[in-house]
Number of protein chains: 2
Amino acid sequence: MALTENAAAERRKVRSDSGNNGEDPSQEVLTALRRIIRATDLHSKRLAREVGLTTPQTVVLQAVRDLGEVTSGQLSRHVSLSQGTVTTILDRLENRGLIERYRSASDRRVVHSRLTRQGRALLRKAPPLLHERFIEVFGDLPAARQRQIIKTLDEVAAMMGAAGLDAAPLLDSGASAKRER
Amino acid sequence: MALTENAAAERRKVRSDSGNNGEDPSQEVLTALRRIIRATDLHSKRLAREVGLTTPQTVVLQAVRDLGEVTSGQLSRHVSLSQGTVTTILDRLENRGLIERYRSASDRRVVHSRLTRQGRALLRKAPPLLHERFIEVFGDLPAARQRQIIKTLDEVAAMMGAAGLDAAPLLDSGASAKRER
DNA sequence: CTAATATATTTTCAACTCAAAAGTTTTCAA
DNA sequence: TTGAAAACTTTTGAGTTGAAAATATATTAG
C-alpha cells in the first residue's frame, strides 16, 4: 500500500540531496582520483621535456641514491612498482649512464645498482616531483591540515588495498641489524 | 625583521640533503599518491583478466552510454584523458564490437561514437571501478566523513593543477578575446 | 575562387605498467 | 651427486598515456 509513496519519497530524497548531480559518492572518489592521476601524468611528461627525467625515473634514481647498493627487488618494494617496471626504468637510467649495474659476487642471481657520478650530478638538480603549485599551496597550509590530508590519502590508499605492499620494506630503515650472508 | 617574508624561503630550505630521513610532508603526499595509483593499476589489470574490460575502457564505455552520440573531443574532456588516448581506447572498443563510430553528416571532421547492443549488454554487468574493499569500507563510513574525503581529494586535485585544465589551455592564443562569428 | 587558417581526429613516438613466462643461480633433499 | 625447488632478475605481451605530427575538413580573408 505505502510502497509507492515510499519509493517516491526515496527518489525525492536522492535527487535533492546535494548541489551536485546526485552522484554516488564512490563515483566522486573515482573522478577525483582520475584527475589526480592525470595531473601527475602531465607533470611527469613536462619534467621529461624540461629536465630529461620523468617522475618514475627520478623516484627510482633517488631510491638508488638513498639506499646505496641496492637490488631491484628492494627497489621494487621501496618505490611501489613491480619488479618488471623497475627493470625497464633501470635499463633506461643505465643506458644514459646515470647508474651502473653489476652482479653480486656472493650470489650471482642478484644485481646491484648504484649511482654514477653523472647520476649524482643530475640528481642534484633535483626535479620537483610534485607540481610547483602544489608544493607552494600545500606548504602554506597549517601543519595540522597538512597532516590531515596525508592521513586521508593514506587511508584511501589502505582502503584500496595498497596497505600491505609497503609493510615489509618498513624494515629497510631499521633492519640494519645483523644480516650476515 | 624580514621574518614574515622569509616564510617561503624557510619552507624551501626543508630539503634534506643526503638521506631524506626528515620526511618532508610533500614527500609523504607523493608516497601516498604512488600507492593509490598503483592500487588503481592493479585493480584495472584484475578487471581486464576477470571481466574483459580495463578501468579506462569501462570509464569510456560508460561515458558513451551516458552522453549518447558523442564526439571524441567531448569524451576526452568528460573522462579527463587526452584525445589521443581516447582514440586508442575507442579503437579497442570498436574492434570488439562494443561501440560504433561514424562521421557526422553535417561536419565530416567530427566522428560520433555510440553503444552497440553488445556494448550495452556488457555494461550491464557493470565491472566495479573501485576495489570492492574500498566500496565496502568507504560505504560504511559516516556520510560526513565520506564528504570530507571527497573534498580533500578534490582539493588535492585542484592543488595539482587539475582543476580547470580541460577547456582553458586550448585557447592559448589571444587569451579569451571574444569574436563574433 | 583560392589561400591561409582553424577545427576535429588519428597516427606516431616514447615511456610507463603489470602479469606471466623465461632465464640464471642457489639451496636443498634423496 | 643429481634433480627439484626456490630465489632473483629479465623478457614478453597487452594496455595506457600525452605530446607532437599528420590528416581531413571547414571557414574565412583577400
Side-chain angles (χ1 to χ4, degrees), chain A residues 34 37-50 52-60 70-77 79-96 101-113 165 181, chain B residues 34 37-50 52-60 70-77 79-96 101-113 162 165-166 169-174 179-181:
Chain A
R34 293 198 63 74
I37 291 172
R38 175 154 216 240
T40 67
D41 278 346
L42 292 172
H43 183 61
S44 179
K45 293 275 157 90
R46 189 159 67 84
L47 284 187
R49 248 181 299 133
E50 297 178 358
L53 282 178
T54 65
T55 297
Q57 286 168 8
T58 306
V59 167
V60 170
V70 67
T71 71
S72 42
Q74 291 170 331
L75 278 175
S76 164
R77 289 185 292 274
V79 302
S80 290
L81 290 171
S82 76
Q83 183 117 230
T85 302
V86 168
T87 293
T88 69
I89 293 174
L90 289 177
D91 285 344
R92 266 183 269 276
L93 296 177
E94 191 180 31
N95 287 340
R96 291 202 229 163
R101 279 194 280 195
Y102 53 96
R103 294 206 168 262
S104 161
S106 55
D107 182 342
R108 277 207 283 271
R109 291 171 302 181
V110 330
V111 174
H112 290 289
S113 296
L165 287 179
R181 283 290 155 99
Chain B
R34 293 198 64 74
I37 291 173
R38 175 153 215 242
T40 67
D41 278 345
L42 293 174
H43 183 62
S44 178
K45 293 273 155 90
R46 189 158 68 85
L47 284 186
R49 247 180 300 133
E50 297 179 358
L53 280 179
T54 64
T55 298
Q57 287 169 6
T58 306
V59 167
V60 169
V70 68
T71 71
S72 44
Q74 291 169 331
L75 278 175
S76 163
R77 290 184 289 274
V79 302
S80 291
L81 290 173
S82 75
Q83 184 116 232
T85 301
V86 168
T87 292
T88 70
I89 292 174
L90 288 176
D91 284 345
R92 264 183 267 274
L93 296 177
E94 191 180 31
N95 287 339
R96 292 203 228 164
R101 280 194 280 193
Y102 53 97
R103 293 206 168 262
S104 161
S106 57
D107 183 342
R108 278 207 280 270
R109 290 170 303 181
V110 330
V111 174
H112 290 289
S113 296
L165 272 186
D166 297 335
L170 301 177
L171 317 168
D172 49 350
S173 62
R179 284 179 276 202
E180 316 295 345
R181 297 263 152 138

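A note on names: the letters A, B, ... follow the listed sequences, proteins ahead of strands, and every chain is numbered from 1.
Rounding to whole angstrom units, CD1 of residue B:I89 and C1' of D:dA14 are separated by 13 Å. One can place NE2 of A:H43 at 16 Å from C1' of C:dA15, the figure rounded to the nearest angstrom. If you measure from atom OH of B:Y102 to atom P of C:dA8, you get 17 Å, rounded to the nearest angstrom. At whole-Å resolution of the value, CD in B:Q57 and P in D:dA14 are 14 Å apart. For B:L75 and D:dG18, the CG to P distance is 14 Å, given to the nearest whole Å. Atom pair B:I37:CD1 and C:dC16:P shows a separation of 14 Å (rounding to whole Å applied). Residue A:L90 contributes atom CG, which lies 12 Å from atom P of C:dT17 at whole-angstrom precision. Here C:dC16 presents its C1' atom at 13 Å from CG of A:L93, a figure rounded to the nearest Å.
A:R96 comes within 4.0 angstrom of nothing in the nucleic acid, heavy atoms only.
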- prompt: Once each nucleotide of nucleotides 18-28 of chain C is scored for protein heavy atoms under 4.0 Å, what B/S/- sequence comes out, 5' to 3'?
  reply: BSS---BBS--
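At the phosphate of C:dT17, neither OP1 nor OP2 sits under 4.0 Å from any side-chain N or O atom of B:R46. Dashed line: the shortest gap from a side-chain N or O of B:R92 to OP1 or OP2 of D:dT16 is under 4.0 Å. An OP1 or OP2 oxygen of D:dT17 is reached within less than 4.0 angstrom by no side-chain nitrogen or oxygen of A:S44. OP1 and OP2 of C:dT11 both lie 4.0 Å or more from every side-chain N or O belonging to B:T87.
In this structure, of D:dT16, C:dT10, C:dA8, it is D:dT16 that holds the atom nearest to the side chain of B:T54.
Checked against side chain to side chain donor-acceptor pair (under 3.5 Å), A:R101 has the following partners two or more places apart in sequence or in another chain: A:D91, A:E94. For B:R46, the side chain to side chain contact (heavy atoms under 4.5 Å, CB included) partners are B:H43, B:R49, B:E50, B:H131, B:E132, not counting sequence neighbours. Applying the side chain to side chain donor-acceptor pair (under 3.5 Å) test to B:T87 and every residue at least two apart in sequence or in another chain returns nothing. The side chain to side chain donor-acceptor pair (under 3.5 Å) search around A:S76 returns none, not counting sequence neighbours. Remark: B:S104 pairs with B:S106, B:D107, B:V110, B:H112 by the side chain to side chain contact (heavy atoms under 4.5 Å, CB included) rule, at least two apart or across chains.
Nucleotide C:dA30 has D:dT1 as its partner under the Watson-Crick or G-U criteria, with both atom distances under 3.5 Å.
In plain terms, the two heavy atoms of A:R96 and A:Q57 that are nearest each other are NH2-OE1, 3.1 Å. Closest of all the heavy-atom pairs between A:S113 and A:L90 is OG-CD1, 3.8 Å.
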